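Everything below concerns the one structure shown next.
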Number of protein chains: 2
Amino acid sequence: MGTMTFDKTSSAGYLANHMARLFAQGLHARIKAYGLSPAQFMTLLELWDEDGLTQKQLIERLDVEQATMANTLARMERDNLVRRLPHPDDGRVRRVWLTETARVLREPATRAAFAQNRHALSGLTDDERRTLIALMTRVVNTMRKRDTTPSSPD
Amino acid sequence: MGTMTFDKTSSAGYLANHMARLFAQGLHARIKAYGLSPAQFMTLLELWDEDGLTQKQLIERLDVEQATMANTLARMERDNLVRRLPHPDDGRVRRVWLTETARVLREPATRAAFAQNRHALSGLTDDERRTLIALMTRVVNTMRKRDTTPSSPD
DNA sequence: ACCGCTTGAATAGCGGACTATACAATACTA
DNA sequence: TAGTATTGTATAGTCCGCTATTCAAGCGGT
């Protein structure tokens, strides 16, 4: 069989990686003045919506591994963005509570994230933006259902 | 002004991050048997196309920072995927050469990456796939031109 | 009441992204 | 040609993903 060519400019996976790195860099540039990093912002989005969540709940809502969240929360506690207090009814659980510092950052940080999205999509029409979001959502949903397909035999 | 709400399910940045993580996990699962990681695979794609590139050339083609590539290449050399040999005409440069090990992996690894893309896009029609690729490409191009827009004043 | 299973969280270790810095080799320029 | 600027890599340090492991607390069945 012929030479295996792989054009990265037309690979969804390559483009997804590249796009995500650019989004993260752009967001980071916009929120670092508030002392936030992208993963911390993502976590705060959930806590701004509902304070006092458990690590387990955050993991489910953000679809990251437990260890990833544990480390992110440790950094956030170090930076005085959250406090983790023991759950009164279950000694295994430490619920995560926003500090006043983090509460105040909601508006400016959210603005910054909107601005980054707006910039990134500035070359697209409204219709195209909706289409992109819808297609990405479907791709995410496809991959979230655990893939059972084995890679083709050589 | 009202409460700042940010719906992550309709945020392009959030979706990009989520999608890229899922792509990376899927690709990694498919190529780890060959001793490859996603960043190593990405680097090999360039070297399979043209052997003996410099670190600088790899950086430009893959749009990652110089330090990122230096570390990736160090791991690849450690794992016997590449060798870095001094450039005869310029003592600063070390050109990167594929080992036989890496050369042999081209076909199976490329197959695995195709399979991951196919799986991820399996819920989309051909038209939708083309649309997604085209839109992501445009978004990447928008963000690659350095953003000068300041975040809106508070 | 006990023993074992399950569950929530922490830790160790690694890859890969970033910024900032350092350094040696080359190129330029007065 | 000497002195300076630029260029190509390497290194240090941090954040954020991941897997694997550990540990304590709760739960269940006998």
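Because only heavy atoms are used, hydrogens play no part in the values below, and waters and symmetry mates are left out as well, while side chains stay in. Given the structure is predicted, the values throughout are model-derived calculations rather than measurements. Proteins come first, then strands; the chains are lettered A, B, ... in the order of their sequence lines, and each starts at number 1.
- More than 12 heavy atoms of other residues, nucleotides or ligands shown are found within 6.0 angstrom of CZ on Arg103(A).
- Remark: Phe6(B) pairs with Phe41(A), Phe114(A) by the ring-ring contact (aromatic ring centres under 6.0 Å, His included) rule, at least two apart or across chains.
- In this structure, Arg84(B) reaches the sugar-phosphate backbone alone: every heavy-atom distance under 4.0 Å involves primed, P, OP1 or OP2 atoms, never a base.
- The backbone N or O of Arg92(A) sits less than 3.5 Å from a side-chain atom of Asp90(A), completing a donor-acceptor pair.
- Contact check of residues 8-18 of chain B against DNA chain C (heavy atom, cut-off under 4.0 Å) returns no residues at all.
- Between Arg78(B) and Val64(B), the residue whose closest nucleotide on DNA chain C is further toward the 5' end is Arg78(B).
- Val64(A) and Leu27(A) end up in the same hydrophobic cluster when Ile, Leu, Val, Met, Phe, Trp and Tyr side chains are linked at under 4.5 Å.
- A donor-acceptor distance shorter than 3.5 angstrom exists from the side chain of Arg129(B) to the backbone of Leu121(B), with no hydrogens or angles considered.
- Within residues 42-62 of chain B, no residue has any heavy atom under 4.0 Å from DNA chain C.
- A donor and an acceptor atom, one from each side chain of Asn80(B) and Thr99(B), are nowhere located under 3.5 Å apart.
- Residue Arg94(B) is classed as a sugar-phosphate contact, given heavy-atom separations below 4.0 Å to backbone atoms only.
- For the pair Arg83(B) and Glu77(B), the salt-bridge criterion is not met [side-chain N within less than 4.0 Å of a carboxylate O].
- Residue contacts for Ala39(B): at a heavy-atom cut-off of 4.0 Å it reaches the sugar-phosphate backbone alone, with no base atom in range.
- Asn17(B) and Arg21(B) form a side-chain donor-acceptor contact under 3.5 Å, judged by distance and modelled atom types alone.
- For DNA chain C, the contact window with chain A, defined by any atom under 4.0 Å from a protein heavy atom, covers dT7(C) to dC18(C) in 5' to 3' order.
- When all heavy atoms are compared, the tightest approach of Ala16(B) to Met19(A) is CB-CE, 3.9 Å.
- Where DNA chain D meets chain A (any atom under 4.0 Å from a heavy atom), the bounding nucleotides read 5' to 3' are dC15(D) to dG26(D).
- By the 4.5 Å heavy-atom criterion applied to side chains, Tyr14(A) and Leu62(B) are counted as neighbours.
- Of the residues near DNA chain D, Arg21(B) and Asp79(A), the one whose nearest nucleotide (by heavy atom distance) lies more toward the 5' end is Asp79(A).
- In this structure, Ala67(B) and Asn71(A) both approach DNA chain D, and ranking their closest nucleotides by distance from the 5' end singles out Ala67(B).
- Remark on DNA chain C: of its neighbouring residues Leu36(B) and Gln66(A), the 5'-side contact belongs to Gln66(A), judged by nearest-heavy-atom nucleotide.
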Please tabulate, for side-chain N and O atoms in residues 131-140 of chain A, each donor-acceptor pair with protein atoms closer than 3.5 Å (sequence neighbours left out).
unit_1    : atom_1 : unit_2    : atom_2 : d
Thr131(A) : OG1    : Asp127(A) : O      : 2.9
Thr137(A) : OG1    : Ile133(A) : O      : 2.7
Arg138(A) : NH1    : Glu128(B) : OE2    : 3.0
Arg138(A) : NH2    : Gly123(B) : O      : 2.9
Arg138(A) : NH2    : Glu128(B) : OE1    : 3.0

*I would like to know whether Thr43(A) and Met69(A) meet side chain to side chain contact (heavy atoms under 4.5 Å, CB included); could you show each step before the answer?*
CA-CA 9 Å; Thr43(A) 304; Met69(A) 184 51 69; 3.9 Å; yes
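- Between Leu81(A) and Leu105(A) the shortest heavy-atom distance is CD2-CD1, 4.1 Å.
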